[in-house]
Engineer: 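Can you keep this structure in mind? I'll have questions shortly.
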Amino acid sequence: MSRYSAAEIEAKWQKAWDEAGIFRATREPGKPKYYVLEMFPYPSGRIHMGHVRNYTMGDVVARYKLATGHNVLHPMGWDAFGMPAENAAMASGGHPKDWTYGNIAVMRDQMKPLGLSIDWSREFATCDPEYYGQQQAMFLDFMEKGLVYRKNAIVNWDPVDMTVLANEQVEDGKGWRSGAEVERRELTQWFFRISDFSEDLLTALDGLDNWPAKVKLMQANWIGRSRGLQFAFDLIDGPGGFDGIEVYTTRPDTLLGASFVGISADHPLAKTLEANNPDVAAFCADCRRGGTTEEALEKAEKKGMDTGLRVRHPLDPEWDLPVYIANFILMDYGTGAIFGVPAHDQRDFDFATRYKLPIIPVFTPSTGDTGPLTEAYVPPKTETVHYVRAIAGDDAQTGEAAINAAIDHCEGRGIGKGVTQYRLRDWGLSRQRYWGCPIPVVHCSDCGVVPERKENLPVELPYDEAGQPIDFSIPGNPLDRHPTWAQCPCPACGKPARRETDTMDTFVDSSWYYARFTAPHAETPTDMAEAEYWMNVDQYIGGIEHAILHLLYSRFFARAMIETGHLPQKAREPFDALFTQGMVTHEIYQTRDERGRPVYHLPEEVEGGKLKETGEAVEVIPSAKMSKSKKNVVDPVSIIDQYGADTARWFVLSDSPPERDVEWTAAGADAAFKHLSRVYRIASEIAAARTAEAAAPDADEALLREMHKTIHDVTGGVESFGFNAAIARLYAFTNTLAKSQAGGAAKTRAARTLAQLMAPMTPHFAEELWSLLQGEGLIANAPWPVADEAMLVDETITLPVQINGKRRGEIKVPRDMDKAEVEKIALSLDAVEKALNGAAPKKLIVVPGRIVNVVV
RNA sequence: GCCCAAGUGGCGGAAUGGUAGACGCAGGGGAUUCAAAAUCCCCCGGUAGCAAUACCGUGCGAGUUCGAGUCUCGCCUUGGGCACCA
C-alpha cells in the first residue's frame, strides 16, 4: 500500500482540472449563478499565510457551490498600483512597472500550487492600461454627471523633500525620509461627491442582512448622521466682510452654558486676521504643524489663541463671548467653528481651565448631586437630567428631548435652523504620485479644466523621460517634472495645454474591480449583459481592516456606476454577503544583542526554545500578526514543499474560527499532515478490502447514521463559515470510521462521503481518495451529498436532570415521550428523591428533548 | 483621544439561554518493535478523597432567569480602524 504523497497527487489533479476546464466561468442563463470573490491581493512579491487563509476560505465556498449545482464565478486579479512600487524604485532603482509585473508573475506562480478553483482567464491587474483606461472613461462619465469636482484640501507637506506625504509616511509628525517637521498645506484636488449619498449609504445598510453587524455599525458611525442647530453668532466690530460666525452644534440645549467660540486655523476669519497680525500668523502656522490624521489632531495638546474679538450670545444681547482660534477644530467638519460648553464637554472643560474661562453648568444629575465640577458632566443623551439653564422644555428631561426643544425654540425665534449633518466627507482622490491611474483631464489657459476625449484614452503613464527610464530617486512627482508627458493639445480648443499630473487614489481601482471581473476584457468599463447575469457578488471575503473605507467606496461606486449606466440597478449594493476573516499570527522569537536591543529570529532558526545554530535560549513573545520586521513569518511556499497545499489549507481552516486570528504553529501543521495521512491509510484499507465479509447489520446502520449526521453538520458548517467546527466533525467521523465494524459496502460508502465532505478544503487529496475508492468522474464535479433527515434523529435520547440548575443525573427516554411521563421518571431518580426529601418540588421544568430542572 | 471587536484547561478552540471543555495540539501511561520511526489503546480543568463523590471553575464586579460562557450594566486587558498604507 502506497503512502500519501502530496507532491505527486497535487500536480496530477491540478492538471486534470485544468484539462477539464471546470473552473472556466461562462454565462448559462437558467442555471443559478454564484459569484464568490476574495479581496484581491497587492502584488508585494510573495504570497503570505494571510493570502492562503483568505483564498482557501473563498475556495471552500466556490467548490461547495460548484458541487451544489451552481454556475460559479471565482476570479483573481491584482491591486497593482500604489506606493510600495514607487518606494522600491526609490530605494533600489528600477521601475515601478517592472517591479509590479515581476511580482505578479512570482505571486501567480506561488498561488497556483494552492489548487484554487479560479478562472484564471479573467485575471487582470489594475495597472494594465486596458483596466485603468476604462477607469478613466468612467471618471469622465462621473464628471459629466457632476459626481466629481475640485476644491482645496489639506495634505501633509514635507518641506525638505518638497513632496506630499502619505499618512503612513509621517512618523511622530516628521517626514519618514527627511525627518523634517511635516506641515499641513492646501492644494487644489479632485473629489468624488460621496457625501451626496450619505443618507442612502446609511439607510441601505439595513438591507445588508448578510454583512457582519460590526461592519455595518462601523460604517454607520463613519457616516455619522447627526441632527443639530446651525446658527450665527453676531460679531462685535469684526473685520471687514465678517459680521458673524456660523456654527453647528449637536447640543443646542447647552447654548446657555457657552463660554467661548472657537474657530479653525483654516477658517476664513482666522486667515483674515493672520494676514494683519504676525502673532496670529505664528499661532496658525503652529496649528498647521504635524500630520493630518484625525488621531494626530486629537492627541495633540489642545491650544488656543484669543483673537480679541467678541461675539454676542444669540439669546442674550448683553452677554458677549471671546473668540479663540483653536488647534482642535477642523475646517472640514460642520462650519469650522464651534461654541464651547466646558461644563458638558471634557475637551472644552480642559480648554476653559487652561484659559481661565467660565464653566457654567446647564444641567445637573437628576439625583440632585451637585458638587463643584472637577470634570465635564457628560451623561448619555437618553438619561433624564435636571436643567438649571434650559432654553426650552421641562426642567427634568432627557438630553434628546432638550435638544429637540432647543431646536424648535431657536427656529421659532429666528435663530438658525435645525439641520441634519453627516460626518462623512467627500472622497479626495488626487494623489501627487506616479504609480496610479492618471486623472484624464487637461488644463488649458483659455478653456480651464477640460476632460480628455474618450478616443484619446487610455492616458498612459510614461515609462521613460528624455529617452531614459524615469529616475525615481529625485524627489517630487515624476509626472510633474516629465519634460514632455504633460504636454498635449486642449481637447476643446486644440491649443497647447497641460495634462493633470495627479493620479488617482488606489481605492478607486479597487472600488469597481468586482464589476470588471464580470467582463474583464470588454471595450467599455462593463458589459451590461454580463453584469446583469453575474452581479451581485454573492459572497465577498476579506480582512476587517477594509470594513470602512474600501467597502464604503465600493458601495458609492456601484451607485455612481448605475447613474452613469455602467451597472444594472440591482447592483446598487454590490456585495450580497460579506465575511471578514482574521489574520494569521505567529509567535515572535527574540534574543538581545550586546546593547540590549532586540534581535528577531525566523521560526525555522529556532528549535525547542533555542537557536539551532548557537543553542542560545530565545525569548518567546506571544503571537502577533506576521510581519517581516519581527521575522515571525512562515513562507507558504516552503510549507507547500514540505507538506503539500492540502495540509496548509486544512490547517488554516481547522485551528480557529475564520473571523478570528489563527496562530500558525509547526505542531498544528504537522498534525494536519498526520491526519491526512491517516485518512489516506484508512481509505486505502477500505479500498483494498472491498469484498470483505458483511458485518452485523447494526454496525452498518450505526456507521451510516453517523455519516448522515456528519453530512448535515459539515454542510451547515460550510454554509455558515464554521469551517473549524466542520473540520472537527470530520475528525470525529474519521474516528468513527476507523473503529467501525461495518461491512465493506457501508465503509466504502462512508469513505467516499468523507472524501466528498473534505473536497472543498483539501481538493487534491479528496480527488485521490475518490479515485482510490472508484468514485465516478472527478470529485470536483460530483454532486454534494445530501443528509437523510430520517437518519438524523435517534429513537432514544439522554436528558440531563438538574436540581436547582445544577446537573445531578440523567435519564434515557424515548425521543417523543410525553412531558408527564418524563417528569415521573425524573422525580424517581435517587438524587432527586434525596433532594426533595418527601416534599413536593417548588417548580418542575421540562424542556422536551433538552433538559429537566427540579427546583426544591 | 474617538469608534469597533474579542477574552473559556498547559495551548488552539466547541457549546439554538438548557450536561461547560466537542475536536485537535502538547503532556502522562501502555501495546507493537532487537531498537527506533510510524501506528494503535487508555488518561488528561482545579481542590479534597483509595473510591463513589463533593465543592470550585468561561477576564473582574454586579444584575435578569427555574437555569448565564451565552442576555443587561459597570470595569480591566488585548486587538483592529481613524479618511494619502493596501
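Residue numbers begin at 1 in each chain, while the letters A, B, ... track the order of the sequences.
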Engineer: Contact class for A/G543 vs. all strands (heavy atom < 4.0 Å): base, sugar-phosphate, or nothing?
Structural biologist: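 Result for A/G543 = nothing.
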Engineer: Is the side chain of A/N853 donor-acceptor paired with the backbone N or O of A/G805 at a distance under 3.5 Å, no angle test?
Structural biologist: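 A pair under 3.5 Å: yes.
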Engineer: Could you give the distance separating B/rG63 and B/rG69 at their P atoms, to the nearest angstrom?
Structural biologist: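 To the nearest whole Å, 15 Å.
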Engineer: OP1 or OP2 of B/rA14 versus the side-chain N and O atoms of A/N724: is any pair under 4.0 Å?
Structural biologist: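 Checking A/N724 against B/rA14: at least one side-chain N or O falls below 4.0 Å of OP1 or OP2.
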Engineer: Mind calculating the distance between OH (A/Y680) and C1' (B/rA38) to the nearest angstrom?
Structural biologist: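 It works out to 16 Å between those atoms.
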Engineer: Quick check for you: to the nearest 0.5 Å, what is the distance between A/N54 atom CG and A/F579 atom CZ?
Structural biologist: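 That separation rounds to 10.5 Å.
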Engineer: Measure the distance from NZ on A/K674 to P on B/rA37 and round it to the nearest whole Å.
Structural biologist: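 That distance rounds to 11 Å.
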Engineer: With a 3.5 Å cut-off and heavy atoms only, can you find an N or O donor on one side and an acceptor on the other between the side chain of A/R729 and the base of B/rC23?
Structural biologist: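 By the distance-only test, no, there is no pair.
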Engineer: Please measure how far the C1' atom in B/rU53 lies from the corresponding atom in B/rG61, and state the result in whole Å.
Structural biologist: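 Result for the C1' pair: 32 Å, nearest Å.
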Engineer: Calculate, to the nearest 0.5 Å, the distance between atoms CD and CE belonging to A/E168 and A/M83 respectively.
Structural biologist: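 The distance works out to 4.0 Å.
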Engineer: Taking the P atom of each, how far is B/rC25 from B/rG18, in whole Å?
Structural biologist: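 Between the two P atoms, the distance is 29 Å.
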Engineer: What is the distance, to the nearest angstrom, from the CG atom on A/N853 to the C1' atom on B/rC66?
Structural biologist: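 To the nearest whole Å, that distance equals 5 Å.
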Engineer: With no hydrogens and no angle check, do the side chains of A/Y131 and A/W512 hold a donor and an acceptor under 3.5 Å apart?
Structural biologist: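 A/W512 and A/Y131 do have a side-chain donor-acceptor pair below 3.5 Å.
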Engineer: From B/rG80, B/rA14, B/rC82, pick the nucleotide closest to the side chain of A/E295?
Structural biologist: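 That would be B/rC82.
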Engineer: Looking only at atom P, what distance separates B/rU78 and B/rG28, rounded to whole Å?
Structural biologist: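 Their P atoms lie roughly 34 Å apart.
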Engineer: In terms of side-chain heavy atoms of A/Q802, which of B/rC82, B/rU39, B/rU19 is nearest?
Structural biologist: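 Among B/rC82, B/rU39, B/rU19, the one nearest the side chain of A/Q802 is B/rU19.
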Engineer: Do you see a donor-acceptor pair shorter than 3.5 Å between the side chains of A/Q219 and A/W211?
Structural biologist: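 No.
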Engineer: Measuring only the C1' atom in each nucleotide, how far is B/rG24 from B/rG9? A whole number of Å is fine.
Structural biologist: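 Pairwise C1' distance, B/rG24 against B/rG9, rounds to 14 Å.
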Engineer: Under 3.5 Å for both pairing distances: what stems, at least three Watson-Crick or G-U pairs long, include RNA chain B?
Structural biologist: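 Ordered by first number, the stems with RNA chain B (at least 3 consecutive pairs each) read B:1-7 with B:76-82, B:10-12 with B:23-25, B:27-31 with B:39-43, B:45-48 with B:53-56, B:59-63 with B:71-75.
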Engineer: Output the single nucleotide from B/rA83, B/rC85, B/rC84 whose closest atom is nearest the side chain of A/E168.
Structural biologist: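 Per side-chain heavy atoms of A/E168, the pick is B/rC85.
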Engineer: Would you kindly give the CG-to-P distance between A/L549 and B/rC84, to the nearest whole Å?
Structural biologist: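 Atom-to-atom, A/L549 to B/rC84, this comes out as 7 Å.
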Engineer: RNA chain B: A/R808 or A/E663, which has the more 5' nearest nucleotide?
Structural biologist: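 The residue whose closest nucleotide sits nearer the 5' end is A/E663.
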Engineer: Side chains of A/D480 and A/T501 only: does a donor on one sit below 3.5 Å from an acceptor on the other?
Structural biologist: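 The criterion, which ignores hydrogens and geometry beyond distance, is satisfied for A/T501 and A/D480.
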Engineer: Which whole-number value in Å describes the distance from A/R431 CZ to B/rA86 C1'?
Structural biologist: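 Taking CZ of A/R431 and C1' of B/rA86, I get 12 Å after rounding.
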Engineer: Taking for each residue the nucleotide of RNA chain B bearing the nearest heavy atom, is the 5' side occupied by A/P41 or by A/V855?
Structural biologist: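 Nearest nucleotide further toward 5': that of A/V855.
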Engineer: Will you find, in the side chains of A/S195 and A/D426, an N or O donor that is under 3.5 Å from an N or O acceptor?
Structural biologist: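 Judged by distance alone, the side chains do pair up.
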Engineer: Any side-chain heavy atom of A/I439 sitting closer than 4.5 Å to one from A/L429?
Structural biologist: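 Side-chain contact under 4.5 Å: yes.
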Engineer: Could you check how far OH of A/Y434 sits from P of B/rC84, rounded to whole Å?
Structural biologist: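 These atoms are roughly 23 Å apart.
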Engineer: Is the phosphate of B/rC85 approached by A/N87 (side-chain N or O, under 4.0 Å from OP1 or OP2)?
Structural biologist: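 Negative; the distance criterion is not met.
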Engineer: Centroid-to-centroid, A/F651 to A/W664, below 6.0 Å?
Structural biologist: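 Centroid separation for A/F651 and A/W664: below 6.0 Å.
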Engineer: Where do A/F351 and A/F349 land on the ring pair (Phe, Tyr, Trp, His ring centres under 6.0 Å) test, with the steps shown first?
Structural biologist: CA-CA 5 Å; A/F351 192 84; A/F349 185 94; over 10 Å; no
Engineer: Less than 4.0 Å between a side-chain N and a carboxylate O, is that true for A/D713 and A/R729?
Structural biologist: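 Between A/D713 and A/R729 there is a salt bridge, with a charged N closer than 4.0 Å to a carboxylate O.
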Engineer: Which part of the nucleic acid does A/W427 contact within heavy-atom distance under 4.0 Å: base, sugar-phosphate only, or nothing?
Structural biologist: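 Nothing, no heavy atom under 4.0 Å.
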Engineer: Expressed as a whole number of angstroms, how long is the span from A/D348:CG to B/rC2:C1'?
Structural biologist: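 Taking atom C1' of B/rC2 as the reference, CG of A/D348 is at 15 Å.
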Engineer: Taking only the side-chain heavy atoms of A/R425 (C-beta and beyond), determine which of B/rA83, B/rA6, B/rG24 contains the nearest atom.
Structural biologist: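 Of the options given, the side chain of A/R425 lies nearest B/rA83.
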Engineer: In B/S/- notation, 5' to 3', how is nucleotides 71-79 of chain B contacted by protein heavy atoms closer than 4.0 Å?
Structural biologist: ---------
Engineer: Could you tell me whether the phosphate oxygens of B/rA6, OP1 or OP2, come under 4.0 Å of any side-chain nitrogen or oxygen in A/R660?
Structural biologist: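 For B/rA6, OP1/OP2 do not have a side-chain N/O of A/R660 under 4.0 Å.
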Engineer: Less than 4.0 angstrom between a side-chain N/O of A/R678 and OP1 or OP2 of B/rC40, yes or no?
Structural biologist: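 It does, given that an N or O in the side chain of A/R678 lies less than 4.0 Å from OP1 or OP2 of B/rC40.
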Engineer: B/rC25 C1' sits how many Å from A/I727 CD1, rounded?
Structural biologist: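 The answer, rounded to whole Å, is 15 Å.
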Engineer: Ignoring the backbone of A/P84, work out which of B/rC84, B/rA86, B/rC55 is nearest its side chain.
Structural biologist: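 Among B/rC84, B/rA86, B/rC55, the one nearest the side chain of A/P84 is B/rA86.
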Engineer: Just to confirm, is there a sub-4.0 Å distance from OP1 or OP2 of B/rC56 to any side-chain nitrogen or oxygen of A/K806?
Structural biologist: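 Yes.
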Engineer: Could you check whether A/S677 gets within reach of a base, just the sugar-phosphate, or nothing at all, counting any heavy atom under 4.0 Å?
Structural biologist: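 No contact.
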Engineer: Using atom C1' in both nucleotides, what's the gap between B/rG29 and B/rC44 to the nearest angstrom?
Structural biologist: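 Those two atoms are separated by 11 Å.
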Engineer: With respect to A/F507, which candidate in A/F192, A/Y553, A/F557, A/F556 satisfies the ring pair (Phe, Tyr, Trp, His ring centres under 6.0 Å) definition?
Structural biologist: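 Exactly one candidate clears the test, A/Y553.
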Engineer: What nucleotide among B/rG24, B/rA14, B/rG12 has an atom nearest to a side-chain atom of A/D655?
Structural biologist: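 Within the option list, the nearest is B/rG12.
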Engineer: What form does the base of B/rG9 take, syn (within 90° of 0) or anti?
Structural biologist: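 That one's syn.
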Engineer: Please report the distance separating the P of B/rA20 from the corresponding atom of B/rA68, rounded so that it comes out in whole Å.
Structural biologist: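 Looking at atom P only, B/rA20 and B/rA68 are 11 Å apart.
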Engineer: Between A/D502 and A/Q189, do the side chains contain a donor N or O and an acceptor N or O under 3.5 Å apart?
Structural biologist: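 Side-chain D/A pair, A/Q189 to A/D502: absent.
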Engineer: Under 3.5 Å, is there a donor-acceptor pair linking the side chains of A/N724 and A/S654?
Structural biologist: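 No donor-acceptor contact under 3.5 Å links the two side chains.
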Engineer: Output the single nucleotide from B/rC66, B/rU16, B/rG24 whose closest atom is nearest the side chain of A/R850.
Structural biologist: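 For A/R850, the side-chain atoms sit closest to B/rU16.
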Engineer: Just call it for A/G82: base, sugar-phosphate, or nothing, with non-hydrogen atoms closer than 4.0 Å on any strand.
Structural biologist: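 Sugar-phosphate contact only.
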Engineer: For the side chain of A/S656, starting at C-beta, report the closest nucleotide among B/rU16, B/rC84, B/rG12.
Structural biologist: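 In terms of side-chain proximity for A/S656, the closest of B/rU16, B/rC84, B/rG12 is B/rG12.
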Engineer: Does B/rA86 have OP1 or OP2 under 4.0 Å away from a side-chain N or O of A/T506?
Structural biologist: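 Yes, because at least one side-chain N or O of A/T506 sits under 4.0 Å from OP1 or OP2 of B/rA86.
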Engineer: Answer yes or no: side-chain N or O of A/Q189 and base N or O of B/rC84 forming a donor-acceptor pair under 3.5 Å.
Structural biologist: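 Answer is yes: a donor-acceptor pair is held.
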Engineer: Which nucleotide wins on minimum distance to the side chain of A/I845, given the candidates B/rC85, B/rG18, B/rA83?
Structural biologist: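 Given the options B/rC85, B/rG18, B/rA83, the side chain of A/I845 is closest to B/rG18.
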Engineer: Side chain of A/Y553, heavy atoms from C-beta onward: which of B/rC23, B/rC84, B/rA86 has the nearest atom to it?
Structural biologist: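 Looking only at side-chain atoms, A/Y553 lies closest to B/rC84.
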Engineer: For B/rA83, take OP1 and OP2 only and decide whether either is under 4.0 Å from a side-chain N or O of A/N167.
Structural biologist: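 So the side chain of A/N167 is within the cut-off, an N or O lying under 4.0 Å from OP1 or OP2 of B/rA83.
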Engineer: Write down the distance separating the P atoms in B/rA62 and B/rU70, rounded off to the nearest Å.
Structural biologist: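 About 14 Å, rounded to a whole number of Å.
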Engineer: Determine the contact category for A/A547: base if any of its heavy atoms lies under 4.0 Å from a base atom, sugar-phosphate if only primed atoms, P, OP1 or OP2 are that close, otherwise nothing.
Structural biologist: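 Touches nothing.
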